[in-house]
Amino acid sequence: MSIEGVWDLTIATPVGRIKPVVELRRDGEEFTGIAHGTGEEVPLRDVVVDGDRVTWNQAVTKPLRLNLAFAVTVEDDTLTGTSKAGRLPASKVSGRRRPRP
């Protein structure tokens with residue numbers, strides 16, 4: 001199963017829906033990525049792929065300064081899961097992979 005590609009995410013947070021774009025790619029034996037949204041671009045850290053489950057961490061500064069931990073399950077061109085910021089409740093995440101050009 002490949003997780004590589006550009007993913008349009010929707011995160012249902014207590015302050016509204018956030019729609020970042022995440023790029024995931026393989027770099028040798030490791031996975032890397034970048035998240036774009038709310039006027040900033042941040043690297044993904046600690047990307048781990050275990051079967052159809054993918055986890056990563058990222059830091060954002062907009063709309064608030066937060067460290068986020070994502071845990072999603074990928075099935076074909078869709079993903080579902082959660083994003084957690086510290087002690088705040090987890091937010092639901094859904095996403096769709098963009099078609100490859």
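Keep in mind that this is a model prediction, so the values were computed, not measured.
To the nearest 0.5 Å, the span separating OG1 on Thr10 from NZ on Lys92 amounts to 13.5 Å. Once rounded to the nearest 0.5 Å, the distance linking OG of Ser83 with CG of Leu68 reads 4.5 Å.
The side chain to side chain contact (heavy atoms under 4.5 Å, CB included) test applied to Arg87 returns no partner, not counting sequence neighbours. The ring pair (Phe, Tyr, Trp, His ring centres under 6.0 Å) search around Trp56 returns Phe70, not counting sequence neighbours. Remark: Asp46 engages Asn57 in a side-chain hydrogen bond (donor to acceptor under 3.5 Å, both in side chains) (not counting sequence neighbours). Remark: Thr32 pairs with no residue by the side-chain hydrogen bond (donor to acceptor under 3.5 Å, both in side chains) rule, at least two apart or across chains.
Taking both residues in full, the closest heavy atoms of Val93 and Val72 are given as CG1-CG1, 4.4 Å, listed atom of the first, atom of the second, then distance. For the residue pair Trp7 and Val74, the shortest heavy atom distance occurs at CH2-CG1, 3.8 Å. Heavy atoms only, all atoms of each residue included: Ala59 and Asn67 are closest at CB-OD1, 3.4 Å. Minimum interatomic distance between Leu9 and Gly95 (heavy atoms only, all atoms of both residues): CD2-CA, 3.8 Å. Residues Asp76 and Arg97 come closest through the heavy atom pair O-NH2, 2.6 Å. When all heavy atoms of Pro43 and Gln58 are compared, the closest pair comes out as O-CB, 3.9 Å.
The backbone N or O of Thr61 lies less than 3.5 Å from a partner atom in the side chain of Glu40, making a donor-acceptor pair.
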Verdict with reasoning, Leu44 to Val22, per side-chain contact (heavy atoms from CB on, under 4.5 Å): CA-CA 9 Å; Leu44 306 184; Val22 170; 3.7 Å; yes
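Among residue pairs with one or both ends in residues 3-14, those qualifying as salt bridge (Lys or Arg N to Asp or Glu O under 4.0 Å) are Asp8-Arg98; sequence neighbours excluded.
The hydrophobic clustering, which links ILVMFWY residues whose side-chain heavy atoms are closer than 4.5 Å, places Ile34 and Ile18 apart.
Cluster partners of Val21, using a side-chain heavy-atom cutoff of under 4.5 Å among ILVMFWY residues and allowing indirect links, are Val6.
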